[in-house]
Every structure is written in C-alpha cells, then in structure tokens.
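The structure under discussion appears below in the form of structure tokens.
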Amino acid sequence: DGGITQSPKYLFRKEGQNVTLSCEQNLNHDAMYWYRQDPGQGLRLIYYSQIVNDFQKGDIAEGYSVSREKKESFPLTVTSAQKNPTAFYLCASSPPLVGGKNIQYFGAGTRLSVL
Amino acid sequence: GESVGLHLPTLSVQEGDNSIINCAYSNSASDYFIWYKQESGKGPQFIIDIRSNMDKRQGQRVTVLLNKTVKHLSLQIAATQPGDSAVYFCAEKNSGGYQKVTFGTGTKLQVIP
C-alpha cells in the first residue's frame, strides 16, 4: 500500500524539549516537504528536499531542523528555539517535475501541542 | 510580493447545487496551479491541476477555470454532495525550476443537506 506515513499522530512537547516528527514514503519520490498549518490558515513551507542529502529552508524554517539521509525518510525536529510550536504538521512528497507539473502527496499529519 | 489568496473563507451550498470556489494570485510568473481538498484532521488531497497555457480543465464533477488576465482561478463542483464538505486550497508554482509550491489560505465548503 503506497503512500506517506507520518508518526506520531499526536505529540506533546514540554518546554525546552526537542521533538522529532517522522515522515516516511514508499512512493519512490525524490522531493519531500514539511509544512506547518495553523487553525483556519493555509500551509506554510518549513523545509523541502529535492534529493537525498540536500535540503533547503522554506518560508518559516527558524526553530526547525531536518535531515535527508535516505530517500524514503525526511524527519523534522522541532527545537526548543521554536517558541510557538503548537500546530498541525504535514509532510508531502512529489515525483520529478514533468512539464512543470508538481503534484504533492500528503501524509495524514501530526498534531503537536505544548504541555 | 508573491501571494495566493481566496475571496471567501466560508461557502455554504445546498446539496445538489453547484459550488464555485475562487482564488486570486499575484505572481505573474506562476505557470501551474493546483486545487487540493482537505477534510478535517487529514492531509490535503489533489483534486485537479491546470497549466498556465490552458484556461479550462475538467475532471469528474470538477472544473478549473484560469483567467491569467486578472490572475484568477476558480474551482467549480457540480451537483455538490455532503462528501464535498472540506477546506479547499489553491496552490501555485512559479516558472522556476525548483518544486516549491505556494498555498492559499483555504475556503471552507459547507454542504447543507
């Protein structure tokens, strides 16, 4: 069953703690993305990776870090420097651009809350 | 600057009627547009896309219209059903080579039975 798996579904962070959100895909996609979604708002790009061992900052990268050691995995760490981490986090992947098209496939999300 | 916005945050439609969700964009370099549907507590799902060299594209019960002159696109849903209730996002990609996509803020569609 192909797709993107995010875990955990719910996550709680204590103040000063780093937490890592998992994202795994078996779609054989090169590109992967992390977005943050706040209530009633759209998706804001945190980081993206076009290929293994390479990633770029998105629009709101401060307080977050990523790694891309394997094609199928793109974990996101929410560091203690992120002062307002409560949000819904979405991971996505996309196949190579063909004719300029970029269809992203999303996981079910992780809801992060601060204790 | 680059932005993608929506005219209406919430749209209520009677079951069986047609729905029209609008989206404005400001980046004239945008060459590809996508509509996503997000149900509560889930990730967005692809609905339909359109390239900038087209002005209309149809799918199953959905049609996307693109007006590059006024930088506007719309999603039309025919015979709206309760299962269509969700938040709908438009997204755009500029003509650059990398794969970054910018999402709008979303429109919530409520279908009244």
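Throughout, protein chains are lettered first and strands after them, A, B, ... in sequence-line order, and every chain is numbered starting at 1. Keep in mind that what you see is a predicted model, and the values were worked out from it rather than measured.
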Whether the [X] and [Y] side chains hold a donor-acceptor pair (N or O, under 3.5 Å, no angle test) is what I'd like checked.
X: A/Ser94; Y: A/Tyr33; answer: yes
X: A/Gln37; Y: B/Gln38; answer: yes
X: A/Glu24; Y: A/Ser73; answer: yes

Got a sec, which pairs hit salt bridge (Lys or Arg N to Asp or Glu O under 4.0 Å) with one end in residues 4-22 of chain A, sequence neighbours left out?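 Non-adjacent pairs meeting salt bridge (Lys or Arg N to Asp or Glu O under 4.0 Å): zero.
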Enumerate the salt bridge (Lys or Arg N to Asp or Glu O under 4.0 Å) contacts for residues 44-55 of chain A, please, sequence neighbours excluded, ordered by first and then second residue.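 Qualifying pairs: A/Asp38-A/Arg44.
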Heavy-atom contact with chain B under 4.5 Å, split by part of A/Leu45: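 For A/Leu45, the contact with chain B is made by the side chain alone.
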Examine whether an atom of A/Ile103 lies under 4.5 Å from a heavy atom of chain B, and if so say whether it belongs to the side chain, the backbone or both; otherwise answer neither.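 Interface part for A/Ile103: both.
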Part of residues 47-69 of chain B lying next to chain A, heavy-atom separation under 4.5 Å: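 Residues B/Asp49, B/Arg51, B/Arg57 are the ones that qualify, each having a heavy atom under 4.5 Å from chain A.
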Without placing hydrogens or testing angles, list every side-chain donor-acceptor pair under 3.5 Å for residues 105-115 of chain A, not counting sequence neighbours.
unit_1   : atom_1 : unit_2 : atom_2 : d
A/Thr110 : OG1    : A/Pro8 : O      : 2.6

Classify the ring geometry between B/Tyr25 and B/Phe33 as parallel (under 30°), tilted (30 to 60°) or perpendicular (over 60°).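 It falls in the tilted class, 30° to 60°.
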